[in-house]
Structure formats: structure tokens, C-alpha cells
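By convention here, the first residue in the shown sequence is residue 1.
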Amino acid sequence: MLEMVVVINSLSVLLFLCAAWTDFRTWKIPNTLVLALVTLYALRALAVMLGSEDVGAALFASSGIGGDLGAGLLMFMLGVALWTFRLFGAGDAKLFLPIGLFIGWHGMLPFAVLLLALGILTLLALRLPVPLSVAHLAFFMRIEEIRVSRKIPYGVIMVFATLLTLALPMIRQDLQLR
């Protein structure tokens, strides 16, 4: 079952990156990507339950599926509130659900700190001029369009904060081995 969880986690990383790229290009996050991420989480939860010796702990512990569901619902409610006040787009609000599911209850604080840091870095980076030597490239033309319109694709920042949050346990383990 562990192999299945690794495959599902890898697929979820690819889908999160696809959501970030789509949001960067179009300021939209398709419902199909969000639903695919939620489906992947459901498969991951099933694999964790089937591979667990203590199903009760896997379901109801704050570090288990119960904590993941709590984090997903709480973050989704936060996204809906931000969308209601027109601070976020609907796609960003929807993306909070699978982010919460994958980072879980114990990942919410590192996610919030990383989201704040990356948001500040993005705002600072958008104040820098694009060098003329690369201004004709499509990526940098899009950056200029984002700067002029003042519409920031928050999904990109959210996805990178998510991926860093998911990588933190591996980084922490690697540092302890040294």
C-alpha cells in the first residue's frame, strides 16, 4: 500500500503544478483539476486505511484522515469567505480544499507561514522591472500583464506553499541524518 501512496502523492504534485500553471496562464483553475485532486486524496486515504494496523487511529487521529478532512473543510471555508469578500477568485477558493486535505491539520501552520512569505516575495518581485533582453519571451510578457492588471494568480503561490509544506518532513528528516 505504501507504493500506492507514493504514486498518488506524485500524481497529486503533478496536478497541483498543472493547477498553478493554468492559473498563471489564464487566472482560472478548472473544476476538473480540483475534483481530480480530491479524488486522488480519497484514493490515498483508502490506501492508508487498508495498510493501517489501527484503522481507528488512521481515521480519527489529528495526524490521520480526520485531521486531513478537518483541515480541508476549514481551509475551504476560509477560501469561500475570501471569495465572498472578492479577495480571491472562485478557483483559488476551491483549491483550498485539496490543499487542506493533502497538508493535513499539522501542516496548516507551516502552510500559512510559507503562503505569507511567498505572497510577500511575489509582491516584491512584481515591483521589479522585467529586463529588456527577456521582455519579449511569453513568460515575462505574462508577468508584465499580471503587473499591469494587478490581478495576481494566487493559485500559483498557494501551490508552491503547498509543495514546500509537503516537502518539509523530508527536509527535516534529511537534516537529522546529517
Student check: side-chain heavy atoms of N9 and L166 closer than 4.5 Å: no
Under 3.5 Å: donor-acceptor pair, side chain of R147, backbone of L128: yes
Hydrophobic cluster membership, V5 vs V13, 4.5 Å side-chain cutoff: no
Verify same cluster id: V6, F16 (apolar side-chain graph, 4.5 Å): no
Hydrophobic cluster membership, F85 vs L74, 4.5 Å side-chain cutoff: yes
Distance in Å, R127 CZ paired with T122 OG1, rounded so as to fall on 0.5 Å steps: 13.5 Å
Smallest separation among heavy atoms of D23 and Y154, with atom names: OD2-N, 3.6 Å
Worked verdict on F76 versus V80 for side-chain contact (heavy atoms from CB on, under 4.5 Å): CA-CA 6 Å; F76 181 68; V80 168; 3.8 Å; yes
T22 vs C18, side-chain contact (heavy atoms from CB on, under 4.5 Å): CA-CA, chis, key distance, verdict: CA-CA 6 Å; T22 304; C18 185; 4.2 Å; yes
Smallest separation among heavy atoms of A161 and T165, with atom names: O-OG1, 2.7 Å
I120 reachable from F111 in the ILVMFWY side-chain graph, under 4.5 Å edges: no
Distance (rounded to the nearest 0.5 Å) between L115 CG and T162 OG1: 8.0 Å
NZ or CZ of R150 within 45° of W27 ring axis and under 6.0 Å: no
From CD1 (I65) to CG (L46), nearest 0.5 Å: 8.5 Å
Residue pair L95 / L37: nearest heavy atoms and the distance that separates them: CD1-CD1, 4.2 Å
Heavy-atom side-chain proximity of I8 to M4 below 4.5 angstrom: yes
L126-L116 co-clustered via ILVMFWY side chain contacts under 4.5 Å: no
Spatial distance of atom CG (L11) from atom CG (L40) [nearest 0.5 Å]: 5.5 Å
From CA spacing to verdict: side-chain contact (heavy atoms from CB on, under 4.5 Å), R44, L101: CA-CA 10 Å; R44 179 178 172 261; L101 292 173; over 6 Å; no
Passing candidate, side-chain contact (heavy atoms from CB on, under 4.5 Å) with P98, options V34, L33, L35: V34
Other ILVMFWY residues reachable from V113 by side-chain steps of under 4.5 Å: L109
Closest contact, heavy atoms only, M141 versus A135: CG-O, 3.2 Å
Aromatic plane relationship, F88 with F96 - under 30° parallel, 30 to 60° tilted, over 60° perpendicular: parallel
Intermediate values then yes/no, side-chain contact (heavy atoms from CB on, under 4.5 Å), I152 and I157: CA-CA 9 Å; I152 298 172; I157 303 165; 3.9 Å; yes
Under 3.5 Å donor-acceptor, S52 side chain and M49 backbone: no
Atom CZ of F160 with >12 non-hydrogen neighbours under 6.0 angstrom: no
Check: I103 and M75 side chains under 4.5 Å, non-hydrogen atoms: yes
Under 3.5 Å donor-acceptor, S149 side chain and I146 backbone: yes
Gap separating the NZ atom of K94 from the CG atom of N31, nearest 0.5 angstrom: 3.5 Å
Minimum heavy-atom distance V156-A20, with the two atoms named: CG2-O, 3.2 Å
Over all atoms of both residues, closest heavy-atom pair of I29 and G155: CD1-CA, 4.1 Å
Residue that, paired with D68, satisfies side-chain contact (heavy atoms from CB on, under 4.5 Å) out of Y41, W105, F102: Y41
Euclidean distance, L121 CG relative to L114 CG, rounded to 0.5 Å: 10.5 Å
